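Step one of this worksheet: look at the structure below.
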Amino acid sequence: MDYNHSAVEKKWKNFWSENQTYKVHNDSHKPKFYVLDMFPYPSGAGLHVGHPLGYIASDIYSRFKRQSGFNVLHPMGFDAFGLPAEQYAIQTGVHPADSTAENLKRYRAQLDNIGFNYDWDRQVITSDPSYYKWTQWIFLQLFGHYYDKKEAKAKPIEELIAHFEQNGLADIQAHHSLETVFTAAEWQAYSAQEKDDILMNFRLAYRKVAYVNWCEALGTVLANDEVKDGLSERGGHPVEKKPMMQWALRITAYAERLLEGLLKLDWSESMKTMQRNWIGKSTGATVFFNVFDHESKIEVFTTRPDTIFGVSFMVLAPEHDLVQQITTEDKRDEVAAYVDAAGKKSDVERMADAKTVSGCFTGAYAIHPFSKENIPIYISDYVLKDYGTGAIMAVPCDDARDKRFAEKFDIDIPIIIDKSAFPNASIGDKVGTMIHSDFLNGLKVKDAIKAAVSKMYDEGIGYRKVNYKLRDANFSRQRYWGEPFPIVNKDGQSKGLPFAELPVELPPLDDFKPTAEGKSPLARLDKWINTVDGERETDTMPGYAGSSWYFFRYMDAKNDEAFASEDALDYWKDVDLYIGGTEHAVGHLMYSRFWTKFLYDIGKVSVQEPFKKLINQGMIQGVIEFLYLAKEKIEGRSRFVCANIAEGEGVEHFSRIPIHIDFVENYGNKDSHINMNGIDSFVNWRPEYSDARFECGNGVYQNGHFEPKDSALDSHLVTSSEVGKMSKRYFNVVNPDVIVEKYGADCFRMYEMFLGPIEQSKPWDTQGIEGVSKFIKRFWSLFYDNGQWIVNETEASKGDLKSLHQTIKKVTKDLHAFSFNTCVSHFMVLVNDLKKSQCHSKHILEPAVRLLAPFAPFMTEELWSSFGNEGSVHHSAFPEFDETYLVEDTVTYPLCVNGKKRVLLDVPNGTSKEAIEKMATEMPELQKWIEGKTVVKVIVVPNKMVNFVVK
RNA sequence: GCCAAAGUGGUGGAAUUGGUAGACACGCUGGAUUCAAAAUCCAGUGCAUUCACGUGCGUGAGGGUUCGAGUCCCUCCUUUGGUACCA
């Protein structure tokens, strides 16, 4: 009898839940270890085989840590607010809470099927009022604090108000967006609303006018990824920018700390680099250029003040405020046309145009601050309005884009850096010696930067400046299905609600469409909106609100007195291991770090960084299969052809129709094709093609009839395959339940790990799952033969002990390195060895079960109980290896001649270098390689190899 | 354009600090078992050449460092992911 996975899995799933095997306690004396999974959004499509990749890895790791003596927190929950549920509600009228609950149930069942060791008592659901009560509370804290730059921390807004009463804006170093100044007397004289407006420029959560993607035709605001090329993705309607009063978070206040914090994190360098680039700190100088014959000055930010004498023109962003003022009469039409064209371009189009240089001369000139020469002012869309000051001083000799621009418009390219000492340096590298640069001549670039800035400062031309790319985060959505703001507005002022009124629950609703002005559907609920204190805010919070702090809630998920108790926060502190995808590189991971730092500042948590170690799992992609459909019908019928035929006729005459992968034979392979059965299924699925013609090399299939060429029996219509996202729209979603049912959860888990390194992306492919399935059966067959328990008490042989301990050593090492795929290989080697030696000894097999437990939790649990053990194998100790079993009697040395392996030599372990060299030199088989040549040198690397260097 | 990662058999992938390239698995070939098949077990399997022993060549391409390079350095090509032409 083979291993019966269905029965065993059912048995132990029940056992685990009845015995609360995975319950985690906060009052343990063991060291803590916190393993966190990515927060899933429960979509209607259910879990696909790509999702569990990271979950399986973290599950294995947390089981390994628990068996190694740690108190392991490994929770799961759901990021349940989101756009798809709301979209579904608009289409079907089903309340998002209902569809979400339905999806949650399905996700939970799918997760349980795979055998994850979550403590479900700690489940967090963001759309649950008992959770979002605390999301709202944190928002109120952000609203009630400002950032003090001197102390580098958030402080209560009341302290700021007290300071304004006493001193006005003087002596304050706060992060703010205010553009005016005021005295204490002026502050005292301001109206309540004026005071409120000023404070909005300081609060860490604040209201401001921001632009949204407004689509008139759909009557709704669209997310960025719903807009393609300036048109809505659905329907292709025009999208315009519309100003709206919205909430934002002042994450920019934390830019420097978010940057510094990266240093201590055990994240991949590429991930840190992405975050650094997003924060985008650059040190340089602000420099002012006077405009010839005008009052106004052009302010630029440059990282290369040393190149000031290389400036031969200036460029303003087309949207720059000065453009209208300084453009000369004769250039007005040309400039207006350019500005107009640039405004219509989408970001995508600007990107595609990266290589083509465009621009327009304004007719105006700036005055060089040192040489006093006139330099022309251009506009071009390679300068962006939102970055820096929206204007640059162009240095064509040491900036690739400026150079291209200068060449196109025939502008001088003054050479001001001698890079002859650095032949490998390319344009823009900060190396070389300054020339033709007045007071900077002879200085190295680095020194010249300092010298230039200090001279600029002395002459009032500019000053040192640190610039960040990071911008404040928009925190509003004009939607229903999100956290309501605990805010009421009255007389143009926003007030936070008192704690006693939290949570502000989402009111019931049956029409989920936005209002005509694009406001959230909540705006229609007059009764809900109007309170004695004012009107409720009708925007809701964005998706990242709930996911920016959920990892703290798991520590004490049911607390109603605080977002988590001090004790729990103090015990668990931070996440020791977070496994998640790179798509969150700058969004979720940046916001979570920001919220954690803020909670630290207000004394609520004891850590500044939430995620100590981060592993980026790769994506499991899907295979997308397409049929070629001729653009031109033949005799009024649709015409599908084989990929080979399409290529012959030219693929431009065809469109590609995604087809369900279940209809395709050998999908994902070069030979992927559909036969007559497949065509029937396809036509059934898409009745509009019921009388279509399907042409392939073998013949033509039409209306259920096959007209073969030669003697072909079946259609062989080759499809075109592509690797891409696993998604409902490509009909290529593979449900893990199907694999689990066929092969068992243990096999599914180990196969996903066996596919390759966890960080690597790869298409889903079941080729090779048989190998893992065979391994599971073979492992089982060491214990059971035809249902008979065949384990005995025989003393373990030396060879078996060596195999076992070698495996323990390798698996332990690879687990520490998160190399799960090689762990699976090591297990296979062990089983192959034990099968060969016909080992059934308890002394080998019992530790082997404990070793395999994290990977195959169901089968090992069954085997563990077969040994007569009472508790769960998952609470047993992870085996430790004993080096004494691993000592080799002999070492095999490859003998190389000039680095090429020629002969092998067995040497007793512990032989001295000299003896090895002597034995090697005397090897008869080696003589033909060294005969007639001079042995220059013999290199002996202990336990590795011997190399003869000959001439 | 910029940033990051990666290119190894027919396929997925192994390979400490530079030290026997291809572990493990799929697939394929042959054999055992079987009336037959499935399943299982055994053997072989980088490419070229050779009856064979063997020999040569081999980690995207080209160069370099080294006794020795998949691994380090330079140039280039390709693929994937990110992106805000970031001054």
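Not measured: the values here are computed from a predicted model. All heavy atoms count here, side chains included; hydrogens, waters and symmetry mates do not. Letters go in sequence order (proteins before strands), and every chain restarts at 1.
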Please give the nucleotide sitting opposite B/rG81 as a Watson-Crick or G-U wobble pair, both distances under 3.5 Å, or none. B/rC3
Under 3.5 Å donor-acceptor, A/Lys762 side chain and A/Gln760 backbone: yes
Does B/rC57 have a Watson-Crick or wobble partner in any strand here, with both distances under 3.5 angstrom, and which is it? B/rG46
Does B/rC41 pair with anything, Watson-Crick or G-U wobble, both distances under 3.5 Å, and if so, with which nucleotide? B/rG31
Describe the nucleic acid contact of A/Arg276 in one word from base, sugar-phosphate, nothing, applying a heavy-atom distance below 4.0 Å. nothing
Report the base-pairing partner of B/rA25 (Watson-Crick or G-U wobble, both distances below 3.5 angstrom), or none. B/rU11
Check every strand shown and say whether A/Phe754 touches a base, only sugar-phosphate, or nothing at a heavy-atom separation below 4.0 Å. base
Have a look at A/Leu755 and say if it touches a base, only the backbone sugar-phosphate, or nothing, with a 4.0 Å heavy-atom cut-off. sugar-phosphate
NA contact type, A/Met945, heavy-atom cut-off 4.0 Å: base, sugar-phosphate, or nothing? base
For A/Lys469 and B/rC85, what is the distance between atoms NZ and C1' respectively, to the nearest whole Å? 11 Å
Contact class for A/Asn277 (heavy atom, under 4.0 Å): base, sugar-phosphate, or nothing? sugar-phosphate
With a non-hydrogen cut-off below 4.0 angstrom, is A/Glu759 in contact with a base, only sugar-phosphate, or nothing? nothing
